[in-house]
Amino acid sequence: MADAQCGLALKDEVMKEIGKATYLKDFRVKLPEVSPNSKKQKEEFSILLNKGTQYRFTVKSDTACTDQVVLKLYDFTKFYGSNYDESDGMTYTSFDFFCAKTQVYYLSLSFVGGKEGCAAAVVSYVQNY
């Protein structure tokens, strides 16, 4: 797997998916494959989000990855959203979040099946409400 796919080229691919939203920040990960008996490999990041703002979280894995990338948004006490629906196994390119409280939130990036791969996530501003 080429490291270039894990870098700016992959971020540029995600940027094509954000629509009319405004780019704020990106996160990129390269995760090793994990064995079936071990805990899922993931990387976590923190981000300050502001009350009254609609954000869009968009994710994509590189073309060499055969696994679905999962982005989860949460804080210390609550899970807020994901691009992955555990009930039916569907993944989505993005999801929007309406921020009701200014605080630090956490993002985790992982792969459903624990395969090796690279992924990028872009946080973008949609609008104030």
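Cluster annotation: L71 is not connected to L10 through the hydrophobic network of ILVMFWY side chains, with a link wherever side-chain heavy atoms come within less than 4.5 Å. Residues L24 and L49 are members of one and the same hydrophobic cluster, defined by side-chain heavy-atom contacts under 4.5 angstrom among Ile, Leu, Val, Met, Phe, Trp and Tyr. Residues Y74 and L48 fall within the same hydrophobic cluster, defined by Ile, Leu, Val, Met, Phe, Trp and Tyr side chains chained together at heavy-atom separations under 4.5 Å. Transitive grouping of hydrophobic side chains (ILVMFWY, heavy atoms separated by less than 4.5 Å) keeps V14 and F45 in distinct clusters. Two different hydrophobic clusters hold V122 and F27 under the rule that ILVMFWY side chains link at heavy-atom gaps under 4.5 Å.
No salt bridge links R56 with E17; every basic N to acidic carboxylate O contact stays at or beyond 4.0 Å.
Taking 4.5 Å as the limit, some side-chain heavy atom of I47 sits within range of a side-chain heavy atom of V123. Between T93 and T58 the shortest side-chain heavy-atom distance falls below 4.5 Å.
Note that OG of S124 and CD of Q54 are 9.5 Å apart. Values are rounded to the nearest 0.5 Å. For the atom pair NZ of K30 and CD of E43, the computed distance is 12.0 Å after rounding to the nearest 0.5 Å. Put simply, NZ on K16 and CD1 on I18 are 12.5 Å apart, with the number rounded to the nearest 0.5 Å.
Other residues, nucleotides and ligands contribute more than 12 heavy atoms inside 6.0 Å of the OH atom of Y129.
Only one option out of F57, Y80, Y84 pairs with F95 in a ring pair (Phe, Tyr, Trp, His ring centres under 6.0 Å); it is F57.
Between F111 and A119, the shortest heavy-atom distance links the atoms CZ-CB, 3.9 Å.
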Name every donor-acceptor pair, under 3.5 Å, that has one atom in a side chain of residues 97-110 and the other anywhere in the protein, sequence neighbours excluded.
from	atom 1	to	atom 2	distance (Å)
T102	OG1	K51	N	2.8
Q103	NE2	D75	OD2	2.7
Y105	OH	K101	O	2.7

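Residues forming a side-chain contact (heavy atoms from CB on, under 4.5 Å) with T53 (at least two apart in sequence, or on another chain): N50, Y55, Y125, N128.
Within the 3.5 Å criterion, the main-chain N or O of S61 finds no donor-acceptor partner in the side chain of D67.
Geometrically, K11 engages Y23 in a cation-pi contact defined by less than 6.0 Å to the ring centre and at most 45° from the axis.
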